[in-house]
Engineer: 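Got a structure for you, written out below as structure tokens; questions coming shortly.
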Amino acid sequence: MPHRSIHWFRKGLRLHDNPALLAAMKDCEELHPIFILDPWFPRNMKVSVNRWRFLIEALKDLDENLKMINSRLFVVRGKPAEVFPQLFKKWKVTRLTFEVDTEPYSRQRDAEVGRIATEHNVEVIQKVSNTLYDVDRVIAENNGKPPLTYVRLQTVLASIGPPKRPCSAPTKENMKDCRTPWKGSYEEIYGIPTLEELGQDPTKLGPHLYPGGESEALRRLDLNMKRTAWVCNFKKPETEPNSLTPSTTVLSPYMKFGCLSTRTFYWRLAEIYHGKKHSSPPVSLHGQLLWREFFYTAGAGIPNFNKMEGNSVCVQVDWDENKDYLEAWREMPS
């Protein structure tokens, strides 16, 4: 029987190299691509309004790209554990797909959503595409422990081989037997949020230097990859952190939100490196992607990696919690 699928966009806000999205479209008669906007985050996360603008632009671009293959993006307001039971029933869902997320909070959230899906007889498919490798496999290959040095990570990855090639973006062909039901009234219910809805003040926006979205990410990747000599000679210690214009690729925000696939970036670099003299990890651009992989792997394999307490690899500092001292420090003139 054909499936009725939900693809849940989280960090992977793109169509290219999105195996979970392709899995949602396989043998599918009805597809709902969704992004869940939990109102708690914009009101409690201490990040700049510029970052929220980037996210909104990424969602708008994703919706436009989905339109080109006869689909749409549904932005659902609420908490995942609360909205999924409603969506499963309302849309008669049989399959849920999403990208693997290895961060501790995300794993806890996804496990809870998985239990809810099982209760509703919904098949769950997760695919690796946020990282170059399956970090659980990397840990398994290292005798069940995350590599604690960059060199050790390189050794383990050498035994695994190069990362998988990125998969192609879906086209109208993938959607030929599948439909995304969209009504005009859905703009009000499932439309892209505004800064005002997120409780953000647009007057505090900074210069609009780096628009969000997959289209912009791929455009910037192409521009950088045309600088073949610069790419081959790139060495991180020789970049200029205090220059008025960035001396790096400025692709990290696009990778953070998943507008750009890390595997796509990796293999584009490999094409340029082929047959040429080039810098090597850890200072090369490949090396920078491996640093990203190193910390994702450590974060997945070391309990409480994001804090000091309960973190086996973190120095345990005996912090003084004297409230009078802290208050005196706060009142010191700047």
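Predicted model, so just to flag it, every value in this text is computed and none were measured.
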Engineer: Which residue is it: F9, F35, W182? I am looking for the one with a ring pair (Phe, Tyr, Trp, His ring centres under 6.0 Å) to F74.
Structural biologist: W182

Engineer: Just say parallel, tilted or perpendicular for the rings of H278 and Y273, cut-offs at 30° and 60°.
Structural biologist: parallel

Engineer: In sequence, state the C-alpha distance, the side-chain angles, and the governing distance for Y266 and H286, and then conclude on ring pair (Phe, Tyr, Trp, His ring centres under 6.0 Å).
Structural biologist: CA-CA 6 Å; Y266 178 95; H286 261 179; 3.9 Å; yes

Engineer: Would you please say whether a donor-acceptor pair under 3.5 Å links the side chains of S284 and S279?
Structural biologist: no

Engineer: Evaluate ring pair (Phe, Tyr, Trp, His ring centres under 6.0 Å) for Y254 paired with Y210, printing each intermediate quantity in order.
Structural biologist: CA-CA 9 Å; Y254 298 93; Y210 307 106; 7.5 Å; no

Engineer: Just do the side chain to side chain contact (heavy atoms under 4.5 Å, CB included) check on S261 and R14 with the steps written out, would you?
Structural biologist: CA-CA 8 Å; S261 153; R14 64 179 185 272; 3.5 Å; yes

Engineer: Could you tell me how the ring of F305 sits relative to the ring of F295: parallel (under 30°), tilted (30 to 60°) or perpendicular (over 60°)?
Structural biologist: tilted

Engineer: Is a donor from one side chain sitting under 3.5 angstrom from an acceptor on the other, for H7 and E99?
Structural biologist: no

Engineer: Is there a chain of hydrophobic side chains (I, L, V, M, F, W, Y, each step under 4.5 Å between heavy atoms) that links L198 to I189?
Structural biologist: no

Engineer: Please say yes or no: joined through hydrophobic side-chain contacts below 4.5 Å, possibly via intermediate residues, are M68 and L59 part of one cluster?
Structural biologist: no

Engineer: Report yes or no: do N304 and E309 form a side-chain donor-acceptor pair below 3.5 Å?
Structural biologist: no

Engineer: Going by atom types alone, do D61 and S215 pair a side-chain donor with an acceptor below 3.5 Å?
Structural biologist: yes

Engineer: Should we count CD of E188 as having more than 12 external heavy atoms under 6.0 Å?
Structural biologist: no

Engineer: Assess, by modelled atom type and distance only, whether the side chains of E29 and H3 contain a donor and an acceptor separated by less than 3.5 Å.
Structural biologist: no

Engineer: Between Y325 and W329, is the ring pair (Phe, Tyr, Trp, His ring centres under 6.0 Å) condition met? List the steps.
Structural biologist: CA-CA 6 Å; Y325 291 171; W329 173 77; over 10 Å; no

Engineer: Looking only at side-chain N and O atoms, does R292 offer a donor or acceptor that is under 3.5 Å from a partner on N130?
Structural biologist: yes

Engineer: Name the orientation class of the two ring planes belonging to Y150 and W291 (parallel below 30°, tilted from 30 to 60°, perpendicular beyond 60°).
Structural biologist: tilted

